[in-house]
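Counting convention: from 1, in listed order, for ligands and their atoms alike.
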Amino acid sequence: MEPLIELRGVNKHYGDLHVLRDINLTVGRGEVVVVIGPSGSGKSTLCRTINRLETVGSGTITLAGEPLPAEGRELARLRSEVGMVFQSFNLFAHKTALANVMLAPVKVRGRKKEEAEARARELLGRVGLAEHADKYPAQLSGGQQQRVAIARALAMDPQALLFDEPTSALDPEMISEVLEVMQQLARDGMTMVVVTHEMGFARSAANRVVFMADGQIVEDRVPEEFFTAPRSARAQDFLSKILKH
Ligand SMILES: Nc1ncnc2c1ncn2[C@@H]1O[C@H](COP(=O)(O)OP(=O)(O)O)[C@@H](O)[C@H]1O
Ligand SMILES: [Mg+2]
């Protein structure tokens, strides 16, 4: 499999806290990697370094063989090639769903308005929101807002998508509608790194599960193996806690 995202010997500190410890991770093109682990283990930081929202202390991160650019125009281009979906949706409140999805293609990519609108409507259709294009975020449920955020990320035609706990802020009945959209993206061959505690999604959509603890990758396994026979005490303990409730 062609590597798309590669981290080699990545370390990061926040002051005295060694938040990423010698991270080595390869995500192949078209692969879905689910990242799980206890709170504070460095999952969000890992996502943010891949998108270069955070710098690293040492090590290298490459996208399609190219090192991540440090700043400027090249960095903006990288950001558009690796989309990110956050727990908190982050939509512009004063813009409609359609305007949210159109914004970056017009502003960053310089697309024509009509072209960007047609594509935005198509993407809103793909996430099941064709009828809601003209609504504002406050008029949409959390699950609908998160699907708009996914459409917005897709509008930049990214090479990969990073999801940081995309369903954690949602009421239970809305989780599945978001996971279904993500399942479809996975089937369509999108490269995805997904931080989630949704084990059903991990089992059915992931090619690999990466388990993090204390800033380290402790296990990097095929889902079925990881869930049925975790090797480390940390993973066994973590799984017993989340599978219990
Ligand atoms: N901007 C920051 N400054 C200082 N410490 C941070 C910052 N962001 C995260 N941390 C710390 O780094 C550790 C890992 O955080 P994070 O990556 O958010 O973990 P996770 O997403 O697995 O819960 C935590 O101990 C957290 O408190
Ligand atoms: Mg986090």
Side-chain angles (χ1 to χ4, degrees), residues 5-27 32-61 68 70-71 75 78-79 82-91 142-143 145-146 149-150 153 160-172 174-175 178-179 182 192-202 205-206 208-221 223 226-227 230-245:
I5 301 167
E6 279 196 285
L7 291 87
R8 288 287 159 264
V10 168
N11 284 279
K12 179 173 181 64
H13 290 80
Y14 284 122
D16 289 338
L17 181 67
H18 197 170
V19 61
L20 294 180
R21 298 169 183 253
D22 197 32
I23 298 288
N24 292 291
L25 177 68
T26 303
V27 182
V32 177
V33 173
V34 161
V35 180
I36 66 174
S39 178
S41 57
K43 306 177 301 293
S44 293
T45 306
L46 178 73
C47 280
R48 293 166 62 80
T49 60
I50 294 173
N51 207 19
R52 208 149 187 329
L53 293 168
E54 296 283 353
T55 58
V56 298
S58 65
T60 57
I61 305 178
L68 294 197
E71 55 194 9
L75 179 56
L78 165 87
R79 293 256 168 78
V82 182
M84 188 140 173
V85 175
F86 301 90
Q87 181 177 327
S88 52
F89 327 139
N90 293 2
L91 298 176
Q145 290 183 59
Q146 192 61 301
I150 294 172
L161 283 182
L162 311 175
F163 293 83
D164 191 1
E165 302 205 25
T167 60
S168 297
L170 298 177
D171 292 333
M174 290 167 192
I175 291 175
V178 172
L179 292 178
M182 292 167 63
M192 295 160 63
V193 176
V194 183
V195 178
T196 185
H197 293 160
E198 293 295 333
M199 297 302 132
F201 176 83
R208 281 155 52 211
V209 171
V210 166
F211 175 73
M212 287 185 77
D214 299 327
Q216 282 179 304
I217 292 180
V218 178
E219 303 203 27
D220 182 345
R221 315 264 306 275
F226 177 75
F227 290 116
R231 289 195 187 114
S232 59
R234 292 298 301 264
Q236 286 162 14
D237 181 52
F238 178 77
L239 283 176
S240 74
K241 279 180 188 140
I242 58 165
L243 297 178
K244 234 178 263 164
H245 74 220

Inset, instruction - Flag the pair V193 / L25 as yes when at least one side-chain heavy-atom distance between them is below 4.5 Å, and no otherwise. - result: no

Legend entry - Heavy-atom nearest neighbour in the protein, as seen from atom 15 (O) of ligand 1, with distance rounded to 0.1 Å: T45 OG1, 3.9 Å

Inset, instruction - Report yes if some heavy atom in the side chain of I36 is under 4.5 Å from a heavy atom in the side chain of M199; otherwise report no. - result: yes

Legend entry - Side-chain donor or acceptor of H18 paired with backbone N/O of L20 under 3.5 Å: yes

Legend entry - Nearest neighbour in protein (non-hydrogen) for atom 18 (O) of ligand 1: S44 CB, 3.6 Å

Inset, instruction - Report the nearest protein non-hydrogen atom to atom 22 (O) of ligand 1: residue, atom name, distance rounded to 0.1 Å. - result: K43 NZ, 2.7 Å

Legend entry - Non-hydrogen atoms of Q146 and Q87 that approach each other most closely: NE2-O, 3.9 Å

Inset, instruction - Might you check, step by step, whether the distance between atom 27 (O) of ligand 1 and some protein heavy atom is under 4.0 Å? - result: no

Legend entry - Any N or O of S41 closer than 3.5 Å to N or O of ligand 1: yes

Legend entry - Backbone N/O of V35 and side chain of K43: donor-acceptor pair under 3.5 Å: no

Legend entry - Heavy-atom closest pair, residues I61 and T49: CD1-O, 3.7 Å

Inset, instruction - Using a strict 4.0 Å cut-off to heavy atoms of V19, name the atoms of ligand 1 that fall inside it. - result: 12 (O), 13 (C), 14 (C)

Legend entry - For the Mg ion (ligand 2), every protein N/O/S atom that sits closer than 2.8 Å, waters excluded: S44 OG

Legend entry - Any side-chain heavy-atom pair of V34 and F201 under 4.5 Å: yes

Legend entry - pair L179-M182: side-chain heavy atoms closer than 4.5 Å: yes

Inset, instruction - Indicate yes or no for a side-chain donor-acceptor contact from E219 to the backbone of S232 under 3.5 Å, with no hydrogens or angles considered. - result: yes

Inset, instruction - Name the closest protein heavy atom to atom 23 (O) of ligand 1, giving the residue it belongs to and the distance to 0.1 Å. - result: G40 N, 2.7 Å

Distance-only criterion, 3.5 Å: show the donor-acceptor pairs between side-chain atoms of residues 208-215 and protein atoms not counting sequence neighbours.
| from | atom 1 | to | atom 2 | distance (Å) |
| --- | --- | --- | --- | --- |
| R208 | NE | D220 | OD1 | 2.9 |
| R208 | NH1 | T26 | O | 2.8 |
| R208 | NH1 | E31 | OE1 | 3.0 |
| R208 | NH1 | E31 | OE2 | 3.2 |
| R208 | NH2 | T26 | O | 3.1 |
| R208 | NH2 | D220 | OD1 | 3.3 |
| R208 | NH2 | D220 | OD2 | 2.9 |
| D214 | OD2 | R234 | NH1 | 2.8 |

Legend entry - S39 heavy atom under 4.0 Å from ligand 1: yes

Legend entry - Heavy atom of the protein closest to atom 11 (C) of ligand 1 (residue, atom name, distance): L17 CD2, 3.6 Å

Inset, instruction - State whether the number of non-hydrogen atoms from other residues, nucleotides or ligands found under 6.0 Å of R8 atom CZ is greater than 12. - result: yes

Inset, instruction - Check whether any side-chain heavy atom of V33 sits under 4.5 Å from a side-chain heavy atom of I5, and report yes or no. - result: no

Inset, instruction - Examine G42 against ligand 1 and note whether any of their N/O atoms are separated by less than 3.5 Å. - result: yes

Inset, instruction - Check whether any heavy atom of P38 sits under 4.0 Å from an atom of ligand 1. - result: yes

Legend entry - Residue, atom name and distance, where the atom is the protein heavy atom closest to atom 9 (C) of ligand 1: Y14 CE1, 3.5 Å

